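Report on the following structure.
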Amino acid sequence: MRPVICAGNWKMHKTGREAVAFVDAFLPLASALPGRVEIVLCPPFTALAAIRAKLDGSRVRLGAQDVHWEESGAFTGAISAPMLREYGVHYVIIGHSERREYFGDTDLTVRLKTAAALAGGLTPIVAVGETIALRDAGKTLSHVTLQTRAALEGLSQADVARVVLAYEPIWAIGTGRSCDPSEANAVMAEMRACVPGLRDVPILYGGSVKPENIAAYTTQPEIDGGLVGGASLDPSSFAALCEKAS
Ligand code: PGA
């Protein structure tokens, strides 16, 4: 059985001090949640150190929002998988649409980053999704399966089995306009079928997920949790969301 995963993507929000305040409020709420849900917090790099010690021994796993594909080298501003591991990071989001749009991430760099994360002992959360223009042109399935295949190209079956995928329609991110759950489910069924070995890989939905709508997603057969932006910034909202997801 696939796990239920709720991953909070804080994007460029919260200083170390603000992250600590979140965790202090969130951990008591999280410890009361059903054990079935895997909870992940993905703060900015600068807050990893501040909350790592607090999360040690708790049920909450640490994630990052990006990783470079090399272990080290002349890549100003970049952070590698071994550096993230040193901070107790378990998960890393790769290929988020904001990285693709504003930071030049491509299908190629997403593939390199995914392989580097796996080689470095991290679980990649590989994000794919279509723009509104592609959706209106009827190209959602072809685009999303292309991105999925590109990200996983060249991986061994053992590595494919260690990946988490996220389907995030770009038009639903931060807009309050969430995707119909049955449509998201249908897209994920295609994603699961487009690369061998994805049957047991968790696929998360992302895009305006809230405590009020998460259950409509996680009750769909292909949807194994949420990649959550705005609603993960407040401890009680994110705890409520994790509870409803399970
Ligand atoms: P949102 O963001 O929940 O604020 O729509 C989701 C994401 O970008 O991962």
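When a ligand or atom number is given, it counts from 1 through the structure's own listing order. This is a predicted model, so every value here is computed, not measured.
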* Asked: Is a side-chain donor or acceptor of Arg100 paired with a backbone partner of Gly95 at a separation under 3.5 angstrom?
  -> yes
* Asked: Any heavy atom of Lys210 sitting closer than 4.0 Å to ligand 1?
  -> no
* To do: Check whether any side-chain N or O of Asp24 sits under 3.5 Å from a backbone N or O of Ala21 as a donor-acceptor pair, and report yes or no.
  => no
* Asked: Under 4.0 Å from any heavy atom of Gly174, which atoms of ligand 1 are there?
  -> 1 (P), 4 (O), 5 (O)
* To the nearest 0.1 Å, how far is atom 3 (O) of ligand 1 from its closest protein heavy atom, and which atom is that? -> Gly229 N, 2.8 Å
* To do: State whether the shortest distance between N or O atoms of Gly207 and N or O atoms of ligand 1 falls below 3.5 angstrom.
  => no
* **Side-chain (Thr175) to main-chain (Trp171) donor-acceptor, under 3.5 angstrom** => yes
* To do: Take the angle between the ring planes of Phe238 and Phe22 and call it parallel below 30°, perpendicular above 60°, tilted in between.
  => tilted
* Asked: Which is it for Ile173 and ligand 1 at heavy atoms under 4.0 Å: side chain, backbone, both or neither?
  -> both
* May I ask you to decide if Ala231's main-chain N or O and Ser237's side chain share a donor-acceptor pair within less than 3.5 Å? => yes
* Asked: Do any N/O atoms on Gly230 end up under 3.5 angstrom from N/O atoms on ligand 1?
  -> yes
* To do: Flag yes if more than 12 heavy atoms outside Glu70 fall under 6.0 Å of its CD atom; otherwise flag no.
  => yes
* Asked: What are the atoms of ligand 1, with element, lying closer than 4.0 Å to any heavy atom of Asn9?
  -> 9 (O)
* Name the option, out of Gln65, Glu168, His96, that contains the heavy atom nearest to atom 8 (O) of ligand 1. => His96
* Sub-4.0 Å heavy-atom approach of Gly206 to ligand 1 -> no
* For Lys11, the ligand 1 atoms whose distance to one of its heavy atoms is below 4.0 Å -> 2 (O), 7 (C), 8 (O)
* To do: Mark yes or no for whether Asn9, through its side chain, and Ser232, through its backbone, hold a donor-acceptor pair below 3.5 Å.
  => no
